[in-house]
Amino acid sequence: MPEPKITLKEVEHVARLSRLELSDAEKERMRSQLDAILTYIDKLRQLNTDNVEPTSHAIPMVNVMREDAVRPCFPTEEMLANAPEREGDFVRVPRIIEE
Amino acid sequence: MPTIGELAARYRSGEATPTRVVEAHLRRIEALDPKVHAFVTVTRESALAQADAADKRFRAGTPVGSLDGVPLAIKDVICTKGVRTTCSSKILENFVPPYDATVMTRLTAAGAIMLGKTNMDEFAMGSSTENSAFFPTRNPWDLARVPGGSSGGSAAAVAADFAAGALGSDTGGSIRQPAAFCGTVGLKPTYGRVSRYGLVAFASSLDQIGPFARDVRGVALLLQAIAGHDPLDSTSTDVPVPNYLAALGQGIQGLRVGIPSEYFIEGMDPEVEKAVWDAIEVLKRLGAKTEKVSLPHTDYALAAYYLIAPAEASSNLARYDGVKYGYRAPGSKDLIHMYGRTRAEGFGQEVKRRIMLGTYALSAGYYEAYYGKAQRVRTLVRRDFQQAFERVDVLVCPTAPNVAFKLGEKEDPLQMYLCDVFTIPVNLAGLPGLSMPGGFTPGGLPIGLQLIGKPFDEATLLSAAYAYEQATPWGSRTPALT
């Protein structure tokens, strides 16, 4: 058996970073699927890219600026219409700070 | 049902009215969409109201443009003011955008009428529309088969004659591959050609909105309406938009057509390969000069894409946290717990897999080996195309290695990813690509022919596609859907 590309411990770490609660069965399935995908992706190592610049965007671009002027924005009511829970003009969330 | 080009003429002559045409489409959706499942939402009332307004404009002799009264289907990844926009995800099941995407503003100004929002792979991640959180869409040519994806609902809606045209989005082939599977024309414009404002982001450096129609003229008319610079999208480019319709009749005498040898691979369907070679013969007969070209890094594009796209997706999808909008898991004791459960319950398996893969590729210790490496390979893929386009005007190749497969046939994620092997390099290079019917299998399934162009040269793609379409019988075939 070749060395696994990704371990169960790494899956748990990445799930934590991703804010995804995974069941034990999901973790194992995820590990084996990611392992297969990463094994496939390993073919990139065959290419020498030492003197190759990275491309982040295919079409060359420069920063786009606009005047920093006050403009109308969406009304509070419209912005809160999609909130799962609200209280007055605020979005309500579970407790953040320990008592 | 009439094509987009035919509708304008019939409305002007009074032979048809927008209301009667919209009613006919709505009746067809009502009768047959229970079999195809192309739509997530049908906007019957607003469509009829828009049609009534269009009727009045035609009666007064003041239509607003070539799309006035044209009924369209819109992929449910494009924000529509006051109309639920789900991305076929549980996490956005009840999300109602407070604004229109720029493409919707432009289509509405051109008089187009939205019939509804179409089904897709959740967050545009997939190649079969089986990853919808609601239901899979079926291929109008064979209901046991997938329509392709991720814009499967839009492609199926056009193929089934539910709408005269549609919008989709294409990050790695999500317009072209379903267009191929459903026997319609589909165009992914150059990155930056069409505003992405109001397109729910998947992979921002690759995503692009584009049109579907039953013929090349329809695609040209839709592109004309949506193309152009938009100050609301800083990645949209300020390059003049030519008259695409005028390009159609130009013919292809002397057009230099490249045939990339890497797009004819072992394991591809021999019927697809034969259809593409036949199409190349047709192009030669029409006056094109063909030559073989090489895109040597093609074989690495898929691997690079499956690092770049998930990396961007993992960042873009961080916004779905159950706070400001979308689904929230009930009864969480604290915020961190709420995030983890909301995202676990709200996202489907493929979306979770890509978030995990992308987060892994960007995480400390792996960034340069995976994400950095993929970006360098992206440069090599781009250079391949640049070199080829020094010698030729367009490339011709298959859209996908196979025709539409059966639902449930590709359960392994990697096998599904391989469906996009001929479309992904185009996104990495930011180029325009078009898929059109290039033949049928003996069993009657459509085969997709792909044309790839230089940046911002959609006009040449459309003119070559139009010449081929006029010379072949494929576009006139329709599925026997009853």
Side-chain angles (χ1 to χ4, degrees), chain A residues 5-6 10-11 13-23 26 29-31 33-34 36-61 63-66 74-75 77-85 91-98, chain B residues 94-96 98-99 190-192 205 231 234-235 237 297 299-300 303-304 306-307 314 321-328 332-341 343-344 347 352-353 355-357 359-360 363 370 372-380 382 412-414 417 428-431 455:
Chain A
K5 307 293 299 176
I6 183 165
E10 284 175 305
V11 166
H13 174 63
V14 174
R16 241 188 334 272
L17 294 175
S18 307
R19 298 279 186 263
L20 284 170
E21 282 194 8
L22 302 181
S23 68
E26 264 185 309
R29 193 170 64 231
M30 188 73 80
R31 197 209 60 76
Q33 287 170 338
L34 292 181
I37 296 165
L38 290 168
T39 301
Y40 174 79
I41 283 170
D42 243 14
K43 67 159 63 187
L44 295 181
R45 288 178 201 266
Q46 298 163 6
L47 289 174
N48 183 338
T49 52
D50 287 349
N51 298 308
V52 181
E53 285 295 307
T55 293
S56 59
H57 259 95
I59 306 295
M61 267 184 286
N63 279 338
V64 178
M65 303 292 187
R66 62 165 171 80
F74 288 104
E77 238 2 86
E78 276 181 40
M79 283 294 93
L80 283 168
N82 281 296
E85 250 188 281
V91 167
R92 193 184 160 89
V93 293
R95 181 180 300 281
I96 299 172
I97 302 163
E98 302 278 329
Chain B
N94 298 307
F95 174 66
V96 180
Y99 66 92
T190 309
Y191 184 84
S205 80
S234 61
T235 62
T237 312
H297 297 95
D299 192 33
Y300 300 95
Y306 274 99
L307 291 168
S314 70
D321 56 5
V323 174
K324 300 174 293 302
Y325 50 81
Y327 173 78
R328 177 191 291 188
S332 299
K333 58 186 190 311
D334 62 48
L335 197 64
I336 297 291
H337 192 52
M338 189 276 278
Y339 292 151
R341 286 186 46 225
R343 291 162 63 79
F347 290 136
K352 288 183 196 176
R353 203 150 40 233
I355 291 174
M356 290 286 290
L357 184 57
T359 305
Y360 178 75
S363 64
Y370 283 116
K373 181 82 181 182
Q375 286 193 313
R376 288 170 210 278
V377 174
R378 186 174 184 180
T379 304
L380 297 175
R382 252 180 83 197
D412 171 35
L414 194 56
Y417 297 170
L428 289 175
L431 303 170

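Computed from heavy atoms alone, side chains included, the values below leave out hydrogens, waters and symmetry copies. Chain letters run A, B, ... following the sequence lines, proteins first, then strands; residues in each count from 1.
Only the side chain of A:Val64 comes within contact range of chain B, judged by heavy atoms closer than 4.5 Å. Interface remark: B:Pro413 contributes side-chain atoms only to the contact with chain A (heavy atom separation under 4.5 Å). Contact annotation for B:His297: only side-chain heavy atoms (C-beta onward) come within less than 4.5 Å of a heavy atom of chain A. Both the backbone and the side chain of A:Val93 come within contact range of chain B, with heavy atoms under 4.5 Å apart. Residue A:Leu80 does not touch chain B at all, counting heavy-atom pairs closer than 4.5 Å. Within the 4.5 angstrom heavy-atom criterion, only side-chain atoms of A:Arg29, from C-beta onward, approach chain B. For A:Leu20, the parts sitting under 4.5 Å from any heavy atom of chain B are the backbone and the side chain alike. Heavy atoms closer than 4.5 Å to chain A are found in the side chain of B:Leu414, but not in its backbone.
The choice from A:Arg45, A:Arg66, A:Glu26, A:Met79 that makes the most heavy-atom pairs within less than 4.5 Å of chain B is A:Glu26. When B:Gly340, B:Gly430, B:Ala429, B:Pro455 are compared by the number of non-hydrogen pairs under 4.5 Å with chain A, B:Gly340 comes out ahead. Counting heavy-atom pairs closer than 4.5 Å to chain A, the top-ranked of the candidates B:Ile336, B:Val323, B:Ile355 is B:Val323. When the candidates B:Asn94, B:Thr235, B:Leu428, B:Leu335 are compared by the number of heavy-atom contacts under 4.5 Å with chain A, B:Leu335 comes out ahead. Chain A forms the most heavy-atom pairs under 4.5 Å with one residue out of B:Tyr339, B:Tyr325, B:Tyr300, and that residue is B:Tyr300. The most heavy-atom pairs under 4.5 Å with chain B, out of A:Ile59, A:Leu34, A:Leu44, come from A:Leu44. In terms of heavy-atom pairs under 4.5 angstrom with chain A, the leader among B:Phe347, B:Tyr191, B:Tyr327 is B:Tyr191.
Heavy atoms only, all atoms of each residue included: B:Gly322 and B:Arg328 are closest at O-NE, 2.7 Å. A pairwise comparison of heavy atoms in B:Met356 and A:Val11 identifies CE-O, 3.4 Å as the closest pair. Between B:Arg378 and A:Ser56, the shortest heavy-atom distance links the atoms NH1-O, 3.2 Å.
A distance-only check finds a donor-acceptor pair linking the side chain of B:Arg376 to the backbone of A:Val52 [under 3.5 Å]. No donor-acceptor distance shorter than 3.5 angstrom exists from the side chain of A:Thr55 to the backbone of A:Ala58, with no hydrogens or angles considered. A donor-acceptor pair is defined here as one N or O able to donate and one able to accept, closer than 3.5 Å; such a pair exists between the side chain of B:Thr379 and the backbone of A:Glu53. Checked by atom type and distance alone, the side chain of A:Arg31 pairs as donor or acceptor with a backbone atom of A:Ile6 at under 3.5 Å.
Applying the salt bridge (Lys or Arg N to Asp or Glu O under 4.0 Å) criterion to B:Arg382, with sequence neighbours excluded, gives no partner residue. Partners of A:Arg19 under the salt bridge (Lys or Arg N to Asp or Glu O under 4.0 Å) rule, at least two apart in sequence or in another chain, do not exist in this structure.
Using a 30° and 60° split on the angle between ring planes, B:Tyr360 and B:Tyr370 fall in the tilted class, from 30° to 60°.
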